[in-house]
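One structure is given here, and the rest of the page talks about it.
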Amino acid sequence: MVKSGTIILNTAARFLMPLQLLFSVFLLLRGHDEPGGGFIAGLVAAGAFTLYLFAFGVSATKEVLRMVDPRDLIGVGLLLGMVSVVPAWFMGQPFLTAQWWTVPVIDFKASTPLIFDIGVYFAVLGSVTGMVMTLMEVDKDEP
């Protein structure tokens, strides 16, 4: 069983978790124009929650996630992935054709590939976090 509670790990987890989550958002938003994207961003975010899990345990990590179950993140991710293919149909274009929109106030280019990447981000984050939390709970129950 992994023993949590060391001072160095607790301090590192409190300092690094917000930085890792911020970096994962950077990778997510950068990915639809340059290398990066939803998969690697989801892995970085899952790494942040895993570090917190090793430092403070399963119950503290569930409190950080509040009411969001990792399985719900997987479902939302898959739903966003499926929704990202629909706008091309409404525009009369072939299936899976990328659509781009400019948000005028902040001059941001939103797109269906970005929606798909966000879906992949949630699916990867939910699956990796769920697996690690389940393994930690099983490890805790064994003698």
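A quick note: this is a predicted structure, and the numbers were derived from the prediction, not measured. Just the heavy atoms: all of them, side chains too, but no hydrogens, waters or symmetry mates, feed the values below. Each residue takes its place number in the sequence, starting with 1.
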Other residues, nucleotides and ligands only: do more than 12 of their heavy atoms fall within 6.0 Å of [atom1] on [X]?
X	atom1	answer
Ile8	CD1	no
Trp101	CH2	yes
Phe116	CZ	no

Nearest 0.5 Å please: distance from the [atom1] atom of [X] over to the [atom2] atom of [Y].
X	Y	atom1	atom2	answer
Leu9	Tyr52	CG	OH	11.5 Å
Leu51	Gln20	CG	CD	6.0 Å
Ser24	Leu19	OG	CG	11.0 Å
Leu73	Leu65	CG	CG	7.5 Å

Does a side-chain heavy-atom distance below 4.5 Å link [X] with [Y]?
X	Y	result
Val128	Leu43	yes
Phe122	Ile118	yes
Val64	Met17	yes
Met133	Pro70	yes
Asp69	Asp72	yes
Ile74	Val124	no
Tyr121	Ile40	no
Asp117	Leu28	yes

- Query: Judged by atom type as modelled, is there a donor-acceptor pair below 3.5 Å linking the side chain of Thr97 to the main-chain atoms of Gln93?
  - Reply: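 No; judged by distance alone, with no hydrogens or angles, the pair does not exist.
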Taking every non-hydrogen atom, the tightest pair across [X] and [Y]:
X	Y	result
Ser84	Pro87	O-CD, 3.6 Å
Phe23	Val44	CD2-CG1, 4.1 Å
Leu53	Val132	CD2-CG1, 3.2 Å

